[in-house]
Amino acid sequence: MSSEPENPSSSTATPPEESGEKISKKAAKKEAAKLEKLRRRQEKEEEEASRKTASLSIEEESFSRNYGDVTLNELKSTEDPKAGKWREAVEGKEWTDVRELVEAMAGTEVLIRGRVHTYRHVSSKKGFLIVRQKWSRVQCVVTESKENHVSVNMVKFVKQLNSESFVDVIGYVVLPKDPVTGATQQVEIQVRKVYCVNSALQQLPLYVEDAARSEADIQAGKPGANQDTRLNLRVIDLRTAANQGIFSIQGWTQIGWRECLLRKGFIEIHSPKLLAGSSEGGSAVFRLDYKGQPACLAQSPQLHKQMAICADFERVFEVGAVYRAEDSFTHRHLCEFIGLDVEMAIHKHYSEIMDLVGELFPFIFNKINENCQKELEAIRKQYPFQPLKFLPKTLRLTFAEGIQMLKEAGVEADPLGDLNTETERKLGLLVLEKYNTEFYILHRYPSAVRPFYTMPCADDPNYSNSFDVFIRGEEIISGAQRVHDPELLTEQAKRFGIDVETIKTYIDSFRYGAPPHGGFGVGLERVVMLFCGLNNIRKTSLFPRDPLRLAP
């Protein structure tokens, strides 16, 4: 069966004459001319559309080399400059750090690499891409432009880039009409080319902007993340500006530490972290099997830095990992931390060690304040805090004087016991009020609360030639003159319940001749935490280890 014809104007249609309609020859000729004119117009439009399409495809073929995903082959350190469009685009160009983009560079072409921080879509022809490198951010403007060879498809490509993906951007530095919000750099980049070097997941388990929320932001209802979530996803969490600042300051702390001590004739050493016995006494050690022998991880470099003094090094320091198997769930304890340790020969009095402390730490604090203003500002934005107050000449009080200050304030404390966290904080407030400093030394601690190798005071064996140092009411340093007499050392080790055989080589080192000496140890993470007024030491540990956390 044949179907009905769809085209009413086909040759099988019924002529008007046969349908009962009558038209004149003139009218028929006029109608035919009209149809011919319409046909020609349609052909012309189709021809024009075809020409435009052809032109566009040629244009896209040229423009498409200015954007896209970088192939893995291009990233395999190939030396072929024609390995792909990205390789051709960056060939011969130098990368510019985002933090270096300033107004003086206006009009110059730059190549930058960073993460996709945010993207604001304006239209199919324009969008604003914020690129972040570390914690510096610059706004990149992507606008359709024949002059810059930027197509609509390129704008579309940038729009679909996932947050935290790595991109390379080539473009001209321009001065914006209005101040740029959401960026650290007050210039823009007019984008000419953009390539995705590595794509992040479309849906991330944690976003940097959420990890960067302040407590005030979260209380105001903005999305955030708790500490456990952030530590579980630490690789993302560490990308925040505050964390970038924290670990930059941690680096400057070590720089100041090394610089000051090297100037004073100290030698940097690296002691073993695998020991046959405890270095501090007590049971808070990580025990392990060492080729069939019982061993433990070092609680400190204490024994070996003393042995270095006995080896005539005279002045040594170390920066290294320390392990404590304490079940401490406080805001200031870790099972693994970076210890900053010092040991030195002394001539007459253990106050020589405190003199060093009193000079060393103000030097470090000034170093941080001079070199880390942007970092401190970034930290303060998320975790508000007041600058640390400290004196040019470090305050020094005896333990008995501290107990007396507490007593006068109505706080009872054992004169032969240790200070707990609460009394330490209270004493810190009293010292701040009376002396206007948050950094001070408390010395002549009771012997009962110090390690077995601490030298007793000459005038009263109930007290020792030892000291603690405090920042913002919390202890950061324990130090002392050491017992260098082997008989007294053996006696005290036994009294502390230490198996003398496990530290025999340590004690024997003093039988070969040893100078009077002393030193101190400090936790790097705790110093940075208190200097920056942070509320938890896990914020200053890159990948913290506590009694419950062994990953990531």
Side-chain angles (χ1 to χ4, degrees), residues 246-247 249-258 260-261 280 299-302 317-322 324 326 328 330-343 353-369 385-391 394-397 399 402 418-432 435 437-443 445 449-451 454 466-480 518-541 544:
I246 286 169
F247 290 97
I249 286 172
Q250 192 175 99
W252 277 102
T253 301
Q254 294 178 72
I255 289 171
W257 171 268
R258 284 189 168 95
C260 185
L261 292 174
E280 294 281 351
Q299 294 167 291
S300 84
Q302 183 58 47
F317 74 91
E318 179 168 4
V319 178
V322 174
R324 302 283 172 89
E326 298 172 312
S328 297
T330 74
H331 72 286
R332 64 179 188 174
H333 287 94
L334 291 171
C335 290
E336 179 183 2
F337 60 90
I338 300 301
L340 307 176
D341 278 85
V342 160
E343 203 71 20
I353 312 167
M354 292 188 285
D355 292 340
L356 174 66
V357 171
E359 185 177 343
L360 173 61
F361 281 86
F363 178 83
I364 292 172
F365 299 153
N366 285 323
K367 196 86 171 174
I368 294 171
N369 286 332
F385 71 95
Q386 294 299 316
L388 180 70
K389 292 183 179 180
F390 59 96
L391 302 174
T394 301
L395 175 68
R396 194 180 300 176
L397 301 170
F399 186 83
D418 205 353
L419 300 178
N420 59 34
T421 302
E422 186 179 343
T423 53
E424 284 180 352
R425 287 177 175 168
K426 179 61 178 177
L427 183 57
L429 292 174
L430 295 172
V431 169
L432 175 61
Y435 299 101
T437 181
E438 295 173 289
F439 176 75
Y440 71 96
I441 300 172
L442 197 64
H443 69 110
Y445 265 72
V449 299
R450 308 306 280 194
T454 306
S466 63
F467 60 91
D468 278 0
V469 182
F470 296 85
I471 294 179
R472 301 188 196 268
E474 297 198 40
E475 177 256 315
I476 63 159
I477 291 176
S478 285
F520 58 89
V522 53
L524 173 63
E525 292 88 347
R526 194 178 292 188
V527 171
V528 176
M529 174 187 77
L530 293 170
F531 183 85
C532 296
L534 300 171
N535 63 0
N536 198 297
I537 198 169
R538 291 157 186 80
K539 289 182 169 70
T540 57
S541 177

Among T253, V319, V322, the one residue meeting side chain to side chain contact (heavy atoms under 4.5 Å, CB included) with L524: T253

Test item: M529 and R538 side chains (from C-beta on) under 4.5 Å apart, heavy atoms: no

Heavy-atom pair with the smallest gap, counting every atom of G358 and T394: O-OG1, 3.0 Å

CG on L334 to CD1 on I537, rounded to 0.5 Å: 4.5 Å

Main-chain N/O of R425 paired to E474 side chain as donor or acceptor, under 3.5 Å: no

Derivation of the side-chain contact (heavy atoms from CB on, under 4.5 Å) call for Y445 and D418: CA-CA 8 Å; Y445 265 72; D418 205 353; 3.7 Å; yes

Pairwise side-chain contact, L397 with I441, heavy-atom cut-off 4.5 Å (strictly under): no

R450 side chain to F467 backbone, donor-acceptor under 3.5 Å: yes

Within the 6.0 Å centroid threshold, strictly below: Y440 and F390: no

Parallel, tilted or perpendicular: rings of W257 and F361 (30°, 60°): perpendicular

Side-chain touch L534/I246, heavy atoms, less than 4.5 angstrom: yes

Separation of L432 CG from L395 CG (nearest 0.5 Å): 11.0 Å

Option from H333, R332, E326 for which side chain to side chain donor-acceptor pair (under 3.5 Å) with T330 holds: H333

Separation between SG of C260 and CG of N366, rounded to the nearest 0.5 Å: 11.0 Å

CD1 on I477 to CG on L360, rounded to 0.5 Å: 7.5 Å

Any donor-acceptor N/O pair, R526 side chain to E475 backbone, under 3.5 Å: yes

Smallest separation among heavy atoms of E318 and P301, with atom names: OE1-CB, 3.2 Å

R472 side chain to L530 backbone, donor-acceptor under 3.5 Å: yes

Donor-acceptor under 3.5 Å (N420 side chain, T423 main chain): yes

Set of salt bridge (Lys or Arg N to Asp or Glu O under 4.0 Å) partners for D355, sequence neighbours left out: R396

Rounded distance [0.5 Å steps], CD1 in I476 versus CG in D468: 10.0 Å

Lys/Arg-Asp/Glu bridge criterion (N-O < 4.0 Å) met for E438, K389: no

4.5 Å side-chain heavy-atom contact, S300 and R324: yes

S541: partners by side chain to side chain donor-acceptor pair (under 3.5 Å), with sequence neighbours left out: none

Chi angles and distances behind the side-chain contact (heavy atoms from CB on, under 4.5 Å) call for L427, L419: CA-CA 10 Å; L427 183 57; L419 300 178; 4.2 Å; yes

Separation between CG of N535 and CZ of F385, rounded to the nearest 0.5 Å: 12.5 Å

Evaluation steps, side-chain contact (heavy atoms from CB on, under 4.5 Å), between F399 and H443: CA-CA 5 Å; F399 186 83; H443 69 110; over 6 Å; no

Atom of I353, atom of G519 and distance for their closest heavy-atom approach: CD1-N, 3.7 Å

Worked verdict on V357 versus F520 for side-chain contact (heavy atoms from CB on, under 4.5 Å): CA-CA 9 Å; V357 171; F520 58 89; 3.5 Å; yes

Minimal non-hydrogen separation, P362 against F439, with atom names: CD-CE2, 4.2 Å

Test side chain to side chain contact (heavy atoms under 4.5 Å, CB included) applied to E336 - qualifying residues, sequence neighbours left out: A321, Y323, R545

Q254 atom CD, neighbour heavy-atom count above 12 within 6.0 Å: yes

Side chain S466, main chain A480, donor-acceptor under 3.5 Å: no

Q250 side chain vs T540 backbone, donor-acceptor pair below 3.5 Å: yes

Distance flag, aromatic centroids of F365 and F531, threshold under 6.0 Å: yes

